[in-house]
Amino acid sequence: MKLLVIGGSYFYGRVFVMEAAKAHEITVWNRGTYSMEAFGARQIKGDRHERIAGCEEDYDAVVDFCAYAPGDVKDTLDLLTGNIGHYVFISTVDVYERDASVVKKEDTPFEERPLAGEAGAYIAGKVALEKELAEGCGARGIPYTVLRPAILYGPFNYAPRESAYIQMLLQNHVLPRFTDAQGRFQFVYVKDAAQAVLACLLNARAYGQAYNLCQDEIMTYEMFFDTLKRVAQPEDLAGLSEVPLTVAQAVSQGVPVPFPAMAEETHLCDNAKGKAELGLVYTEFEEGMRRTYKAFRNVYGQ
């Protein structure tokens, strides 16, 4: 297949390009911060709102990793004048309405209330873009699919989530132990999420559909830290101090709290639809963390 990947040089997109380039012709359209040519992809540099060489070409599928603000999808569709066989949009499970008591399925209503801060703007943007995608692709007769990943983790993750704790363990020989964290959360290993994109490309069953991407395990901070200690090298745990902190103390001291910490922040999702319709499978969290720890140990353990 001839694929146009929008974004695709940071984390999720980067891993997808690395996987997809093994079997497909990949063009990456982004600002060129990191080159993907070493993986066999053609790279064209430019802003997604500006016409560039390549916009007029036909593509079997477009995979959009970096649409965040209203207008991003519409502008891209306006610029892509060639034939598009399928448009895959990467959204988030955060689009669902806030209700900690409900396990979100793909038909759960969107969060339509304005939420504060950067997170609120991010959620509102993704909700608007999913609607924009349906309208724009519908007008042009382009099949589309939405993928909604939970908390992504794995090698190349630039967000200070699991890597922040791995760095603390390796360089400071310390980990927090949150004494009042009651939040629960779900992860998805980035390579599994990349395989999910491949599973839906030009798959008629996926047209017009959305899919949650999340592992089976429901985690807590205690479970997360226990897993991290199990996958660490024994020598890395020598002299490790575990510091008890309330969540409020951690926030005030600048200790990372990247996952839902309070019960009311819990946001669980169902993954049955993707398993049944796309055949998705998920790496067990401990195995995914083992691979992730090994990758970041090469970065932080020198």
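Side chains included, hydrogens not; waters and symmetry mates left out as well; all remaining heavy atoms used.
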- request: Give a yes or no answer on whether the side chain of Asn212 reaches the backbone of Lys104 with a donor-acceptor pair at less than 3.5 Å.
  value: yes
query: Where the side chain of Arg98 meets the backbone of Leu115, is there a donor-acceptor pair that is under 3.5 Å apart?
result: no
Heavy-atom side-chain contact between Phe285 and Thr227 under 4.5 Å: yes
Greater than 12 external heavy atoms within 6.0 Å of Glu264's CD: yes
- request: Report the distance from atom OG1 of Thr27 to atom CD1 of Ile44, rounding to the nearest 0.5 Å.
  value: 6.0 Å
query: What are the two closest heavy atoms between Ala41 and Val28, and how far apart are they?
result: CB-CG2, 3.9 Å
task: State plainly whether the residues Arg297 and Asp236 are in salt-bridge range, i.e. N to O under 4.0 Å.
output: yes
message: Contact between Phe39 and Ile26 at the side-chain level, heavy atoms closer than 4.5 Å - yes or no?
response: no
query: Would you say the side chain of Leu4 lies within less than 4.5 Å of the side chain of Leu80, judging by non-hydrogen atoms?
result: yes
message: When you group the ILVMFWY residues by side-chain heavy-atom contacts below 4.5 Å and let the links chain together, are Val146 and Ile123 in the same group?
response: no
task: Look at the aromatic rings of Tyr165 and Phe225 and report parallel, tilted or perpendicular, splitting at 30° and 60°.
output: perpendicular
- prompt: Side chains of Val93 and Gln186: closer than 4.5 Å at any heavy-atom pair?
  reply: no
field: Ile151 CD1 to Leu213 CG distance, which is reported to the nearest 0.5 Å
entry: 13.5 Å
- request: Output the distance between atom CD (Gln249) and atom OG1 (Thr246), rounded to the nearest 0.5 Å.
  value: 3.5 Å
task: For the residue pair Ile90 and Pro149, establish whether any side-chain heavy-atom pair is separated by less than 4.5 Å.
output: yes
query: Are any of the side-chain heavy atoms of Cys66 and Tyr10 separated by less than 4.5 Å?
result: no
query: Heavy-atom distance under 4.5 Å between the side chains of Tyr158 and Ser163, does that happen here?
result: no
task: Answer yes or no: is there an ion pair linking Glu112 with Lys131, defined by an N-O contact shorter than 4.0 Å?
output: yes
message: Keeping Arg48 on the side-chain end and Asp72 on the backbone end, is there a donor-acceptor pair under 3.5 Å?
response: yes
query: Does any N or O in the side chain of Asn157 come within less than 3.5 Å of the main-chain N or O of Tyr153, such that one atom is a donor and the other an acceptor?
result: no
query: If you measure from the Lys or Arg side-chain nitrogens to the Asp or Glu carboxylate oxygens, is any gap between Glu286 and Arg290 under 4.0 Å?
result: yes
- prompt: When you look at CZ of Arg51, are more than 12 heavy atoms from neighbouring residues, nucleotides or ligands closer to it than 6.0 Å?
  reply: yes
- prompt: When clusters are formed by joining ILVMFWY residues with side-chain heavy atoms under 4.5 Å apart, either directly or through shared neighbours, do Tyr12 and Leu133 land in the same one?
  reply: no
- request: Would you check, one step at a time, whether the test ring pair (Phe, Tyr, Trp, His ring centres under 6.0 Å) holds for Tyr144 with Phe89?
  value: CA-CA 8 Å; Tyr144 67 90; Phe89 173 62; 9.7 Å; no
message: Tell me if a side-chain donor or acceptor on Thr283 pairs with a main-chain N or O of Tyr189 at a distance below 3.5 Å.
response: no
- request: Return the minimal non-hydrogen interatomic distance between Phe16 and Leu201, and the atom names on each side.
  value: CZ-CD1, 4.4 Å
message: Tell me if the CD atom of Glu284 is crowded by more than 12 foreign heavy atoms within 6.0 Å.
response: no
field: Distance, nearest 0.5 Å, that separates CD1 of Ile142 from CG of Leu77
entry: 5.5 Å
- request: Spell out, yes or no, whether Met262 and Met223 are grouped together once hydrophobic residues are joined by side-chain heavy atoms under 4.5 Å, including indirect joins.
  value: yes
- prompt: Taking everything shown except Lys2 itself, do over 12 heavy atoms lie less than 6.0 Å from its NZ?
  reply: yes
task: Using side chain to side chain contact (heavy atoms under 4.5 Å, CB included) as the criterion, list what pairs up with Gln195, not counting sequence neighbours.
output: Glu19, Leu198
query: Should the ring pair Phe178 and Tyr221 be called parallel, tilted or perpendicular, given that the plane angle runs from 0 to 90° and is split at 30 and 60?
result: perpendicular
NZ/NE/NH1/NH2 to OD/OE distance under 4.0 Å, Asp78 and Lys74: yes
message: Taking side-chain hydrogen bond (donor to acceptor under 3.5 Å, both in side chains) as the criterion, tell me which of Glu277, Lys275, Arg148 meets it with Tyr211.
response: Glu277
query: Is the backbone N or O of Asn83 less than 3.5 Å from a side-chain atom of Asp58, with the two atoms forming a donor-acceptor pair by type?
result: yes
field: Neighbour count above 12 (heavy atom, 6.0 Å) for Glu118 CD
entry: no
For Cys214 against Asn271, the heavy-atom pair lying closest together: O-ND2, 2.8 Å
query: Any sub-3.5 Å donor-acceptor pair from Lys126's side-chain atoms to Ala67's backbone N or O?
result: yes
message: Show the nearest heavy-atom pair for residues Gly7 and Asn30, with the distance to one decimal.
response: O-ND2, 2.8 Å
Trace of the side chain to side chain contact (heavy atoms under 4.5 Å, CB included) decision for Asp60 with His24: CA-CA 10 Å; Asp60 293 306; His24 303 288; over 6 Å; no
- prompt: Hey, is the main chain of Pro155 close enough, under 3.5 Å, to the side chain of Lys191 for a donor-acceptor pair?
  reply: no
task: To the nearest 0.5 angstrom, please state how far the CG atom of Asp192 sits from the CG atom of Leu280.
output: 9.0 Å
query: So does Glu222 have more than 12 non-hydrogen atoms from other groups sitting under 6.0 Å from CD?
result: no
message: Taking the basic N atoms (NZ, or NE/NH1/NH2) and the acidic carboxylate oxygens, is any pair closer than 4.0 Å for Arg42 and Glu57?
response: yes
message: With a 4.5 Å cut-off on side-chain heavy atoms, are Tyr207 and His86 touching?
response: yes
query: Among the clusters formed by ILVMFWY side chains lying less than 4.5 Å apart, do Val88 and Leu202 turn up in the same one?
result: yes
task: Anything under 30° is parallel, anything over 60° is perpendicular, the rest tilted; go ahead and classify Phe185 against Phe187.
output: perpendicular
- request: Please assess Phe65 against Val17 for the test side chain to side chain contact (heavy atoms under 4.5 Å, CB included), listing each intermediate value before the final yes or no.
  value: CA-CA 11 Å; Phe65 286 95; Val17 169; 5.9 Å; no
- prompt: Within the distance-only criterion (no hydrogens, no angle test), does the side chain of Gln215 pair as donor or acceptor with the backbone N or O of Tyr282 below 3.5 angstrom?
  reply: no
- prompt: Would a hydrophobic clustering, with Ile, Leu, Val, Met, Phe, Trp and Tyr connected at side-chain separations under 4.5 Å, put Val243 with Phe259?
  reply: yes
- request: Give the C-alpha distance, both sets of side-chain angles, the deciding distance and a yes or no for side chain to side chain contact (heavy atoms under 4.5 Å, CB included) between Arg161 and Leu152.
  value: CA-CA 9 Å; Arg161 294 195 287 256; Leu152 283 157; 4.1 Å; yes
- request: Under the side chain to side chain donor-acceptor pair (under 3.5 Å) rule, what do Arg184 and Thr266 come out as? Steps first, then yes or no, please.
  value: CA-CA 5 Å; Arg184 296 179 295 156; Thr266 295; 4.6 Å; no
Heavy-atom pair with the smallest gap, counting every atom of Pro244 and Thr179: CB-CG2, 3.9 Å
task: Compare every heavy atom of Val247 with every heavy atom of Ala261, then report the nearest pair and how far apart it is.
output: CB-CG2, 3.8 Å
- prompt: To the nearest 0.5 Å, how far apart are OG1 in Thr145 and CG in Asn203?
  reply: 7.5 Å
- prompt: Do the side chain of Asp270 and the main chain of Lys105 share a donor and acceptor less than 3.5 angstrom apart?
  reply: no
